[in-house]
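A short write-up of the structure that comes next.
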Amino acid sequence: MFPTPLPTDAVHRDRLHQLALFLHESEQILTDFDTWREEHSDIDGWPLDDVEHSRRAVKRDADTWRSFTPVRSFAKELLATAEVQVQQLNPGHIQSRWPWQLGILDHALKRLGLLQREWLAGRDALPPTEGPGSFAYDDTLAERNEEAWTYLEDWSSHGQALIDIQAAAHAAPPCSPSLTAAKTAAHPAVAPATPSSSAVRR
(Lines give C-alpha, C1' and ligand atoms only; values in the text may rest on other atoms or scores of the structure.)
Protein backbone atom coordinates (compact mmCIF):
# COMPACT_ATOMS: atom_id res chain seq x y z
CA MET A 1 0.00 0.00 0.00
CA PHE A 2 1.50 3.33 -1.04
CA PRO A 3 1.79 6.12 1.58
CA THR A 4 -0.56 9.09 1.31
CA PRO A 5 1.21 11.93 -0.58
CA LEU A 6 1.96 14.98 1.54
CA PRO A 7 -0.07 18.09 0.70
CA THR A 8 1.44 21.02 -1.18
CA ASP A 9 2.92 23.80 0.90
CA ALA A 10 -0.03 26.10 0.11
CA VAL A 11 -2.55 23.47 1.19
CA HIS A 12 -0.57 22.79 4.36
CA ARG A 13 -0.52 26.51 5.23
CA ASP A 14 -4.28 26.74 4.71
CA ARG A 15 -4.80 23.75 7.00
CA LEU A 16 -2.55 25.26 9.65
CA HIS A 17 -4.66 28.41 9.44
CA GLN A 18 -7.75 26.31 10.15
CA LEU A 19 -5.90 24.73 13.07
CA ALA A 20 -5.04 28.20 14.39
CA LEU A 21 -8.74 29.09 14.27
CA PHE A 22 -9.53 26.02 16.33
CA LEU A 23 -6.83 26.88 18.87
CA HIS A 24 -8.32 30.35 19.30
CA GLU A 25 -11.94 29.16 19.43
CA SER A 26 -11.29 26.27 21.81
CA GLU A 27 -9.42 28.57 24.18
CA GLN A 28 -12.32 31.03 24.15
CA ILE A 29 -14.87 28.23 24.69
CA LEU A 30 -12.99 26.98 27.74
CA THR A 31 -12.40 30.50 29.08
CA ASP A 32 -16.12 31.29 28.85
CA PHE A 33 -17.01 28.07 30.67
CA ASP A 34 -14.42 28.58 33.42
CA THR A 35 -15.49 32.19 33.90
CA TRP A 36 -19.13 31.17 34.32
CA ARG A 37 -18.20 28.37 36.70
CA GLU A 38 -16.13 30.65 38.91
CA GLU A 39 -19.00 33.14 39.11
CA HIS A 40 -21.58 30.45 39.94
CA SER A 41 -19.73 28.28 42.45
CA ASP A 42 -19.52 28.41 46.23
CA ILE A 43 -16.37 29.13 48.19
CA ASP A 44 -15.30 25.46 47.89
CA GLY A 45 -15.72 25.44 44.10
CA TRP A 46 -18.97 23.47 43.99
CA PRO A 47 -21.56 24.70 41.44
CA LEU A 48 -24.55 26.53 42.88
CA ASP A 49 -26.81 25.03 40.21
CA ASP A 50 -25.89 21.47 39.22
CA VAL A 51 -28.39 21.35 36.35
CA GLU A 52 -27.15 24.56 34.75
CA HIS A 53 -23.53 23.52 35.30
CA SER A 54 -24.17 20.23 33.50
CA ARG A 55 -25.95 22.02 30.66
CA ARG A 56 -23.04 24.39 30.15
CA ALA A 57 -20.51 21.54 30.29
CA VAL A 58 -22.48 19.72 27.58
CA LYS A 59 -22.46 22.89 25.47
CA ARG A 60 -18.72 23.35 26.01
CA ASP A 61 -18.05 19.79 24.86
CA ALA A 62 -20.31 20.14 21.81
CA ASP A 63 -18.87 23.52 20.79
CA THR A 64 -15.31 22.21 21.06
CA TRP A 65 -16.15 19.15 18.94
CA ARG A 66 -17.75 21.33 16.26
CA SER A 67 -14.75 23.66 16.22
CA PHE A 68 -12.34 20.76 15.69
CA THR A 69 -14.42 18.94 13.06
CA PRO A 70 -12.87 20.76 10.03
CA VAL A 71 -9.37 20.05 11.39
CA ARG A 72 -10.07 16.38 12.10
CA SER A 73 -10.60 15.68 8.39
CA PHE A 74 -6.94 16.48 7.62
CA ALA A 75 -5.28 16.20 11.05
CA LYS A 76 -3.47 13.00 10.03
CA GLU A 77 -1.82 14.85 7.13
CA LEU A 78 -0.85 17.71 9.45
CA LEU A 79 0.96 15.24 11.69
CA ALA A 80 2.65 13.44 8.77
CA THR A 81 3.96 16.71 7.34
CA ALA A 82 5.24 17.85 10.74
CA GLU A 83 7.05 14.55 11.24
CA VAL A 84 8.83 14.92 7.91
CA GLN A 85 9.73 18.53 8.68
CA VAL A 86 11.23 17.56 12.05
CA GLN A 87 13.32 14.85 10.38
CA GLN A 88 14.69 17.39 7.90
CA LEU A 89 15.60 20.05 10.45
CA ASN A 90 19.07 20.48 11.89
CA PRO A 91 19.12 19.17 15.47
CA GLY A 92 19.85 22.64 16.80
CA HIS A 93 16.54 23.92 15.46
CA ILE A 94 14.40 21.16 16.99
CA GLN A 95 12.55 21.69 20.27
CA SER A 96 12.95 18.63 22.49
CA ARG A 97 9.24 18.64 23.31
CA TRP A 98 8.09 18.30 19.69
CA PRO A 99 8.36 14.49 19.34
CA TRP A 100 6.47 14.06 22.61
CA GLN A 101 3.80 16.53 21.50
CA LEU A 102 3.41 14.79 18.14
CA GLY A 103 2.87 11.55 20.06
CA ILE A 104 0.19 13.19 22.22
CA LEU A 105 -1.59 14.57 19.14
CA ASP A 106 -1.40 11.26 17.29
CA HIS A 107 -2.81 9.34 20.26
CA ALA A 108 -5.61 11.88 20.76
CA LEU A 109 -6.54 11.77 17.06
CA LYS A 110 -6.82 7.98 17.14
CA ARG A 111 -9.02 8.12 20.21
CA LEU A 112 -11.27 10.73 18.59
CA GLY A 113 -11.61 8.51 15.52
CA LEU A 114 -12.58 5.56 17.70
CA LEU A 115 -15.15 7.59 19.61
CA GLN A 116 -16.66 8.83 16.36
CA ARG A 117 -16.96 5.30 14.97
CA GLU A 118 -18.55 4.07 18.18
CA TRP A 119 -21.03 6.95 18.16
CA LEU A 120 -21.99 6.34 14.52
CA ALA A 121 -22.61 2.67 15.30
CA GLY A 122 -24.74 3.59 18.30
CA ARG A 123 -26.67 6.19 16.33
CA ASP A 124 -27.40 3.75 13.53
CA ALA A 125 -28.70 1.24 16.08
CA LEU A 126 -31.33 3.68 17.37
CA PRO A 127 -34.95 3.21 16.25
CA PRO A 128 -35.97 5.41 13.30
CA THR A 129 -38.13 7.50 15.64
CA GLU A 130 -35.11 8.45 17.77
CA GLY A 131 -33.64 11.23 15.65
CA PRO A 132 -31.95 14.53 16.56
CA GLY A 133 -33.82 16.17 19.41
CA SER A 134 -34.88 12.91 21.03
CA PHE A 135 -33.46 11.99 24.40
CA ALA A 136 -31.76 8.82 23.16
CA TYR A 137 -30.05 10.57 20.24
CA ASP A 138 -28.97 13.64 22.16
CA ASP A 139 -27.78 11.56 25.11
CA THR A 140 -25.48 9.38 23.00
CA LEU A 141 -24.16 12.48 21.23
CA ALA A 142 -23.45 14.23 24.52
CA GLU A 143 -21.68 11.10 25.78
CA ARG A 144 -19.39 11.09 22.74
CA ASN A 145 -18.59 14.77 23.17
CA GLU A 146 -17.89 14.32 26.88
CA GLU A 147 -15.46 11.46 26.29
CA ALA A 148 -13.85 13.33 23.41
CA TRP A 149 -13.27 16.55 25.30
CA THR A 150 -10.05 15.38 26.96
CA TYR A 151 -8.52 14.54 23.58
CA LEU A 152 -9.79 17.76 22.03
CA GLU A 153 -8.11 19.56 24.92
CA ASP A 154 -4.88 17.77 23.98
CA TRP A 155 -5.14 19.27 20.49
CA SER A 156 -5.94 22.65 21.97
CA SER A 157 -2.92 22.43 24.28
CA HIS A 158 -0.36 20.95 21.87
CA GLY A 159 -1.61 21.87 18.39
CA GLN A 160 0.55 25.00 18.40
CA ALA A 161 3.56 22.67 17.99
CA LEU A 162 2.50 21.95 14.38
CA ILE A 163 2.51 25.67 13.62
CA ASP A 164 5.88 26.12 15.34
CA ILE A 165 7.39 23.24 13.38
CA GLN A 166 6.18 24.80 10.13
CA ALA A 167 7.79 28.12 11.10
CA ALA A 168 11.06 26.42 12.01
CA ALA A 169 11.10 24.43 8.76
CA HIS A 170 10.84 27.61 6.71
CA ALA A 171 13.23 29.68 8.84
CA ALA A 172 16.07 27.20 9.18
CA PRO A 173 18.11 25.44 6.48
CA PRO A 174 17.50 21.66 6.26
CA CYS A 175 20.10 19.22 7.48
CA SER A 176 22.19 17.23 5.03
CA PRO A 177 20.60 14.23 3.25
CA SER A 178 22.89 11.82 5.07
CA LEU A 179 21.90 13.20 8.45
CA THR A 180 18.23 13.11 7.50
CA ALA A 181 18.54 9.42 6.57
CA ALA A 182 20.29 8.66 9.86
CA LYS A 183 17.62 10.47 11.87
CA THR A 184 14.84 8.69 10.00
CA ALA A 185 16.39 5.32 10.79
CA ALA A 186 16.88 6.25 14.44
CA HIS A 187 13.36 7.55 15.04
CA PRO A 188 10.00 6.04 14.05
CA ALA A 189 7.85 8.05 11.63
CA VAL A 190 5.16 8.42 14.28
CA ALA A 191 6.07 9.29 17.84
CA PRO A 192 5.01 6.63 20.38
CA ALA A 193 1.41 6.96 21.44
CA THR A 194 1.23 8.67 24.81
CA PRO A 195 -1.71 8.76 27.18
CA SER A 196 -3.66 12.00 27.25
CA SER A 197 -1.76 14.78 28.99
CA SER A 198 -4.82 16.90 29.82
CA ALA A 199 -6.56 16.85 33.14
CA VAL A 200 -10.30 16.93 32.52
CA ARG A 201 -11.81 20.04 34.02
CA ARG A 202 -15.43 19.48 34.92
Side-chain angles (χ1 to χ4, degrees), residues 1-27 29 64-121 144-145 147-198:
M1 186 175 183
F2 294 103
T4 302
L6 294 180
T8 64
D9 194 53
V11 170
H12 186 61
R13 287 198 305 270
D14 288 343
R15 289 173 173 178
L16 287 175
H17 175 69
Q18 186 66 55
L19 172 63
L21 290 178
F22 163 73
L23 297 179
H24 173 74
E25 290 175 357
S26 61
E27 181 180 8
I29 291 167
T64 307
W65 177 278
R66 279 194 295 269
S67 181
F68 187 70
T69 294
V71 177
R72 191 168 62 86
S73 64
F74 50 72
K76 185 175 181 179
E77 286 78 10
L78 285 179
L79 288 171
T81 299
E83 288 156 6
V84 171
Q85 289 173 328
V86 168
Q87 291 172 0
Q88 294 176 342
L89 281 169
N90 285 305
H93 295 98
I94 298 175
Q95 297 291 329
S96 60
R97 67 178 182 275
W98 286 346
W100 171 75
Q101 288 179 299
L102 292 178
I104 289 287
L105 295 173
D106 181 65
H107 174 74
L109 185 62
K110 290 175 180 176
R111 294 297 302 171
L112 290 170
L114 176 62
L115 289 172
Q116 175 68 352
R117 291 191 296 273
E118 290 177 345
W119 176 74
L120 290 174
R144 181 206 65 184
N145 294 340
E147 294 183 22
W149 189 81
T150 299
Y151 305 111
L152 294 172
E153 180 71 352
D154 283 339
W155 270 83
S156 180
S157 299
H158 301 290
Q160 181 63 37
L162 300 176
I163 299 173
D164 295 342
I165 291 170
Q166 168 80 356
H170 280 258
C175 61
S176 65
S178 59
L179 183 54
T180 298
K183 290 170 62 180
T184 302
H187 299 282
V190 178
T194 308
S196 172
S197 64
S198 300

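In this text the structure is predicted, and so the values were computed from the model without any measurement.
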key: Crowding at CD, E27 (>12 non-hydrogen neighbours, <6.0 Å)   = no
R13 meets the salt bridge (charged side-chain N to carboxylate O under 4.0 Å, His left out) criterion, sequence neighbours left out, with D9
Whether Y151 and H107 hold their rings parallel, tilted or perpendicular, with breakpoints at 30° and 60°
perpendicular
- Dump the intermediate steps for side-chain contact (heavy atoms from CB on, under 4.5 Å) on L109 and W155, then the final yes or no. CA-CA 8 Å; L109 185 62; W155 270 83; 4.1 Å; yes
In terms of heavy-atom contacts, I94 and V86 come closest through CD1-O, 3.4 Å
Output for pair (L162 CG, R15 CZ), nearest 0.5 Å, gives 12.5 Å
Sorted by chain and number, sequence neighbours left out, side-chain hydrogen bond (donor to acceptor under 3.5 Å, both in side chains) with Q116 holds for R144
Applying side chain to side chain contact (heavy atoms under 4.5 Å, CB included) to A148 and not counting sequence neighbours gives W65, L112, L115, L152
Sequence neighbours excluded, the answer for side-chain hydrogen bond (donor to acceptor under 3.5 Å, both in side chains) partners of S26 is S156
Residue set satisfying side-chain hydrogen bond (donor to acceptor under 3.5 Å, both in side chains) with D14, at least two apart, ordered chain then number -> none
- prompt: Backbone N or O of P70 within a donor-acceptor pair of the S73 side chain at under 3.5 Å?
  reply: yes
Is any side-chain heavy atom of E83 closer than 4.5 Å to one of L79? yes
Closest heavy-atom pair, H93 versus A168, reported as atoms and distance to 0.1 Å, is O-CB, 4.3 Å
Residue set satisfying side-chain hydrogen bond (donor to acceptor under 3.5 Å, both in side chains) with R66, at least two apart, ordered chain then number -> D63
Rounding to 0.5 Å, atoms CD (Q166) and OG1 (T81) come to a distance of 8.5 Å
Closest heavy-atom pair, I104 versus H158, reported as atoms and distance to 0.1 Å, is CG2-CD2, 3.5 Å
Separation between CD (Q160) and CG (L16), nearest 0.5 Å, reads 9.5 Å
Practice prompt. Evaluate the side-chain proximity of H12 to L78: yes if any heavy-atom separation is below 4.5 Å, no if none is.
Written response: yes
Could you give the side-chain donor-acceptor pairs of residues 17-25 under 3.5 Å, partners two or more places apart or in another chain?
from	atom 1	to	atom 2	distance (Å)
E25	OE1	S67	OG	2.6

